[in-house]
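Only one structure is covered here, and it is reproduced in the block below.
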Amino acid sequence: MRHEPAQNPQWPYGTFLQRLSPPVRSALLGLGVRRKVPAGQILIHEGQQQSHLVLIEEGLTKVTAALPDGRTALLSLRVGGDLVGEMSALNDRPRSATVTTCSAARYSVISSERFRAFLRENPDAALELAAMVSDRLRWSNRRRIDFSSYPVKIRVARVIAELSRTHGRQTPDGVVIDVRLTQPELASICGASETSVQKILRELRTDGLVDTDYRRMTVRDLPGLQQVGQIHADEC
């Protein structure tokens with residue numbers, strides 16, 4: 001199914017489309033076949049030998065990986081403007097994770113051949129791709145350090161503060177995190193048990209730092225949350 005791209009979207013900070021100049025962005029948006037799918041659709045399957053890329057134009061997706069004990073780990077979230085599947089497209093290895101839509105989504109499927117040609121023709125885009133991969137590696141390394149260095153409460157506070165920065169929307173009541181995460185998913189990304197996360201969320205609510213309702217969270221006091229998460233100015 002072919003669809004027209006969203007008109008004049010505001011690509012979130014740090015996404016691949018936001019990093020590109022308008023002409024290069026337009027060239028990338030013209031490369032693929034556009035599709036529109038509902039929530040719960042798997043865009044990329046872990047372990048499959050595929051080489052195409054997915055350029056998310058609208059919607060929220062989650063990146064997950066299977067654990068040896070049968071559970072699923074939530075690795076990251078991707079939004080409109082993000083590129084996924086670039087690793088397999090560039091190194092011809094099987095997919096390292098599964099990408100699933102959390103909401104209705106619009107995206108483009110781009111063949112690895114066309115994407116490689118695009119990078120050759122637009123070296124600035126190749127540099128931005130390297131920067132994006134570097135940022136993702138930095139985020140992954142930070143999560144590993146968090147898991148080994150901090151107790152659960154600090155990890156939860158750090159993840160919520162990070163989500164408020166990357167997916168937050170300022171309102172009169174605070175920063176609304178526009179990500180529908182279940183508590184098991186939040187526990188997965190924090191590297192903690194669901195019971196521990198439930199307890200910590202109650203403490204954060206009691207302290208007036210966050211409010212939660214059905215799969216939505218509002219950060220009432222971001223500086224206070226950052227203090228709990230021991231987040232320094234150079235990490236914000």
Side-chain angles (χ1 to χ4, degrees), residues 10-15 18 39-40 56 58-65 67 71-82 97 99-105 135-136 138-236:
Q10 297 297 313
W11 306 112
Y13 175 80
T15 60
Q18 183 270 333
I56 304 167
E58 185 179 318
L60 172 70
T61 66
K62 60 183 179 182
V63 183
T64 59
L67 297 175
R71 294 180 298 134
T72 298
L74 177 62
L75 304 180
S76 60
L77 300 165
R78 298 287 179 252
V79 297
D82 272 326
V99 179
T100 308
T101 59
C102 300
S103 63
D135 285 346
R136 291 179 179 179
R138 183 188 301 271
W139 190 92
S140 178
N141 287 341
R142 181 179 292 180
R143 293 287 78 74
R144 291 190 182 97
I145 294 171
D146 288 354
F147 293 163
S148 62
S149 304
Y150 297 116
V152 175
K153 185 171 185 177
I154 294 178
R155 298 206 303 265
V156 172
R158 290 171 74 88
V159 168
I160 295 173
E162 176 72 9
L163 288 173
S164 71
R165 184 184 72 83
T166 57
H167 302 292
R169 172 171 50 88
Q170 187 67 53
T171 72
D173 295 326
V175 180
V176 175
I177 297 175
D178 282 329
V179 174
R180 297 292 198 273
L181 279 181
T182 65
Q183 287 192 359
E185 289 171 336
L186 180 60
S188 175
I189 205 170
C190 292
S193 69
E194 185 178 352
T195 302
S196 296
V197 169
Q198 289 173 346
K199 177 178 179 292
I200 290 162
L201 287 177
R202 285 196 299 269
E203 294 176 2
L204 295 178
R205 286 195 297 266
T206 300
D207 293 340
L209 300 178
V210 303
D211 277 347
T212 59
D213 54 28
Y214 180 68
R215 300 181 72 177
R216 178 184 291 272
M217 186 177 300
T218 301
V219 177
R220 296 285 191 178
D221 181 359
L222 183 55
L225 185 67
Q226 291 171 336
Q227 185 175 0
V228 171
Q230 299 183 11
I231 298 174
H232 305 292
D234 59 350
E235 294 184 78
C236 298

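Computed from a predicted structure; not experimentally measured.
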- Task: Please name all residues satisfying side chain to side chain contact (heavy atoms under 4.5 Å, CB included) with T100, sequence neighbours left out, ordered by chain then number.
- Result: I42, K62, T98
- Item | Over all atoms of both residues, closest heavy-atom pair of A161 and I231 | CB-CD1, 3.6 Å
- Query: How far does OH of Y150 sit from CZ of R158, to the nearest 0.5 angstrom?
  - Reply: 4.5 Å
- Message: I'd like to check the side chain to side chain contact (heavy atoms under 4.5 Å, CB included) partners of T101; sequence neighbours left out, ordered by chain and number.
- Response: V37, Q41, L43, T61, A105
- Message: Could you work out, with side-chain hydrogen bond (donor to acceptor under 3.5 Å, both in side chains) as the rule, every residue matching D207, not counting sequence neighbours?
- Response: none
- For A39, the side chain to side chain contact (heavy atoms under 4.5 Å, CB included) test, sequence neighbours excluded, returns none
- Atom CG in D135, atom OG1 in T15: separation rounded to 0.5 Å? 11.5 Å
- Item | Gap separating the CG atom of L77 from the CG atom of D82, nearest 0.5 angstrom | 9.5 Å
- Query: Would a distance-only check, ignoring hydrogens and angles, find a side-chain to backbone donor-acceptor pair under 3.5 Å from R155 to C190?
  - Reply: yes
- Item | Considering all heavy atoms, the nearest V63-A97 contact | CG1-CB, 3.6 Å
- Task: Please determine which of L201, L204, L163 meets the side chain to side chain contact (heavy atoms under 4.5 Å, CB included) test together with M217.
- Result: L201
- Message: If you compare all heavy atoms of G208 against all heavy atoms of D221, which two are closest, and at what distance to 0.1 Å?
- Response: O-CB, 4.0 Å
- Which one of I154, V210, V156, T195 satisfies the side chain to side chain contact (heavy atoms under 4.5 Å, CB included) criterion with I200? V156
- Task: Mind checking the OG1-CZ spacing from T218 to R205? Nearest 0.5 Å is all I need.
- Result: 12.0 Å
- Can you list the residues that meet the side chain to side chain contact (heavy atoms under 4.5 Å, CB included) rule with Q198, with sequence neighbours excluded? Q183, E194, R202
- Message: Using the side-chain hydrogen bond (donor to acceptor under 3.5 Å, both in side chains) criterion, which residues pair with D211? Sequence neighbours excluded.
- Response: R220
- Query: Listed by chain and number, what are the side-chain hydrogen bond (donor to acceptor under 3.5 Å, both in side chains) partners of E203, not counting sequence neighbours?
  - Reply: K153, K199
